[in-house]
Amino acid sequence: MLLKKFLPRIEFDSYEDFKQNYTVNIPENFNFGFDVVDAWAESDRDKPALLWCDDHGNERSFTFDEISRLSNQAVHFFRSHGIRKGDAVMLILRRRWEYWVCATALMKMGAVLIPASMLLTAKDIVYRVQAAGVKMLVCVDDPFVTAQTELAAASASFARVLVAGRRDGWLDFAAGLACQREDFPRPVGADATRNDDLMMMYFTSGTTGLPKMAMHDHTHPLGHIVTAHYWQRVAEGKLHMTVSDSGWAKFGWGKIYGQWICGAVIFAYDMDKFVPSLLLEKLQHYPIHTFCAPPTMFRFMLQEENLASFDLSSIQHCGNAGEPLNPEIFRRWFDLTGIRMTEGFGQTESTVLIANFEWFAPRPGSMGKPSPLYDIDLVDAKGDTCGEGEEGEIVVRHINDYLPTGLFTGYFRDEETTAKAMAGGDYHTGDVAWRDADGYYWFVGRNDDVIKCSGYRIGPFEVESALLEHPSVVECAITAVSDPIRGQVVKATVVLAKGYTGAPELVRELQDHVKKVTAPYKYPRVVEFVDELPKTVGGKIKRAQIRKADEERSQ
């Protein structure tokens, strides 16, 4: 059991025991590729690591030994094309199995891994290549991605590698891999990685401006032991599925680091697009033991007419992250499966910060309680700790005294933004929450999303949760619109379920529903029905874009 190598103590008697006594042993010069992937391969060459499938009937399984050998070949392939320690390599690989091979190889050789989304435009790619100094881009053979990459190559210099296909002007990953050696001795001296070396950078979602580059060092994977073992509750040798594209931090949360440290088998479904019925078929066909997905996906699966016909009995634990979990979704999933979903909260900049752990019952709508890795607090505008029931910004305290395992080290080439985020020796998340008498945290919204109406502060999440309890609402976004009397009023932008139309009668019905479910002053005075909500490429609602469009219409 590899966990024993990193945790002096694995079992705990209570949450308080866990919070106070959990510690991580960080080896000198820890490297995930050698100390996890190769370590498993050496202990059991037949130990399963990855089960991959797609929408076209393709399926492949990999042992840790195979991932080890393939990643060694990838190291030699990258090195043959000039990539060295410290060089940045961007991967746009969706959920292709090659991602795990490339990522492991880049960590072994000390190159900087930059995951990226399949939905990037040529402009997005150029920005990322130039901002991070990317020397090579590896992407899947997809018409949109390859077209955007070829456009980007006209104004930015980088080598291009293609997997699962061949095109003129591209390096062929499969052919290049096949002729490489399968051994790669661990580097020593200047070529060896150090714990504080830059391992990877994530581009943030960019909901309000250009994406920032959050830097993580080589100890970052060890922070995800809490994510995988204690929140997602993965089990050695069992299948774990997190639904995420490889371009996002959620992939690192649920599809490689903590899961492989725990010896779980990663189930990777390389879907062409999210179709609820197809995902449900995979959950039924494969013995998925633990499952994690964004609440939006649970909402759409719960809309399926034949949902009750799917056998989901293999699933023993469900988690969700990426956006707040509305209580109505919690209750409906429990009614269907008997499983109480455990929400987890964190950011691109961190591992799981707050979550529902095994020692206490999850409360619908609550993020749970703080991870033992972080000294979490809620602070007001003056930086003072908030009292029970008071809303405040979520911060990680005292990061100048110690850098928590898993927390980012700053924003690449952006000292000003880094200093602002880490002002006063604390990491400021920009997210607002409140804490109840039992220590549970409840999400309110981003600082910029909180609405100030007639002297009241209204968090969008509570109103969105109320609306989602109504059968006509599939998705919604709560924002503020200007009002000459109240300053701001609440607006609901709503996507309706099939069979409903946005008539004035429905507007009044939704408003009355919110008044009954939550405090009456929080009801949306403005309701707009739309076909879809604007979202980032990571799937987060662009409330800032909705606010901007409303402001432009009012001028």
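Note that the structure is predicted; figures quoted are calculated from it, not measured. Scope of the values below: all heavy atoms of this structure, side chains included, with no hydrogens, waters or symmetry mates.
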[X] and [Y] ion-paired at < 4.0 Å:
X      : Y      : value
Asp438 : Lys369 : no
Lys19  : Glu16  : no
Asp17  : Arg9   : yes
Arg435 : Glu388 : no
Lys516 : Asp512 : no
Arg94  : Asp245 : no

Could you state the interatomic distance from [atom1] ([X]) to [atom2] ([Y]), rounded to the nearest 0.5 Å?
X      : Y      : atom1 : atom2 : value
Asp431 : Ile394 : CG    : CD1   : 5.5 Å
Leu312 : Leu336 : CG    : CG    : 6.0 Å
Leu506 : Gln511 : CG    : CD    : 10.0 Å
Ile546 : Leu533 : CD1   : CG    : 5.5 Å
Asp375 : Ser371 : CG    : OG    : 11.0 Å
Trp442 : Glu343 : CH2   : CD    : 9.5 Å

Name all residues meeting the salt bridge (Lys or Arg N to Asp or Glu O under 4.0 Å) criterion together with [X]; count only those two or more places apart in sequence or in a different chain, and write none if there are none.
X      : value
Glu236 : Lys47
Arg60  : none
Lys491 : Glu528, Asp550
Lys282 : none

Legend entry - Distance flag, aromatic centroids of Phe251 and Trp100, threshold under 6.0 Å: yes
Legend entry - Check: Phe298 ring centroid to Phe291 ring centroid under 6.0 Å: yes
Using distance alone, with no hydrogens and no angle criterion, decide if [X] and [Y] have a side-chain donor and acceptor under 3.5 Å apart.
X      : Y      : value
Asp436 : Tyr441 : no
Thr351 : Tyr374 : yes
His289 : Ser314 : no
Asn58  : Asp54  : yes
Asn326 : Arg299 : yes
Asp124 : Thr121 : yes
Lys238 : Thr290 : no
Asp46  : Thr63  : no

Can you check whether [X] reaches [Y] side chain to side chain, under 4.5 Å on heavy atoms?
X      : Y      : value
Cys102 : Phe173 : yes
Val140 : Ile92  : no
Lys108 : Phe34  : yes

Inset, instruction - Would you please test Glu462 and Lys522 for salt bridge (charged side-chain N to carboxylate O under 4.0 Å, His left out) and show each step? - result: CA-CA 9 Å; Glu462 184 178 4; Lys522 298 180 180 181; 2.4 Å; yes
Mutual orientation of the aromatic rings belonging to [X] and [Y] [parallel < 30°, tilted 30-60°, perpendicular > 60°]:
X      : Y      : answer
Trp359 : Phe357 : tilted
Trp97  : Phe62  : tilted
Tyr427 : Phe408 : perpendicular
Phe32  : Phe30  : perpendicular
His470 : Tyr500 : perpendicular

Inset, instruction - Take Asp55 and Tyr269 through the side-chain hydrogen bond (donor to acceptor under 3.5 Å, both in side chains) test and state the conclusion after the steps. - result: CA-CA 8 Å; Asp55 281 324; Tyr269 169 32; 2.4 Å; yes
Legend entry - Residues in ring pair (Phe, Tyr, Trp, His ring centres under 6.0 Å) contact with Phe461, at least two apart in sequence or another chain: none
Legend entry - Qualifying residues under ring pair (Phe, Tyr, Trp, His ring centres under 6.0 Å), relative to His218, sequence neighbours excluded: none
If you take all heavy atoms of [X] and [Y], which pair is closest and at what distance?
X      : Y      : result
Trp253 : Val352 : CH2-CA, 3.5 Å
Asp311 : Ser313 : OD1-OG, 2.7 Å
Phe360 : Gly368 : CE1-CA, 4.3 Å
Ile261 : Pro221 : CD1-O, 3.6 Å
Gln303 : Ala497 : OE1-CB, 4.3 Å
Trp248 : Ser117 : CZ2-CB, 3.5 Å

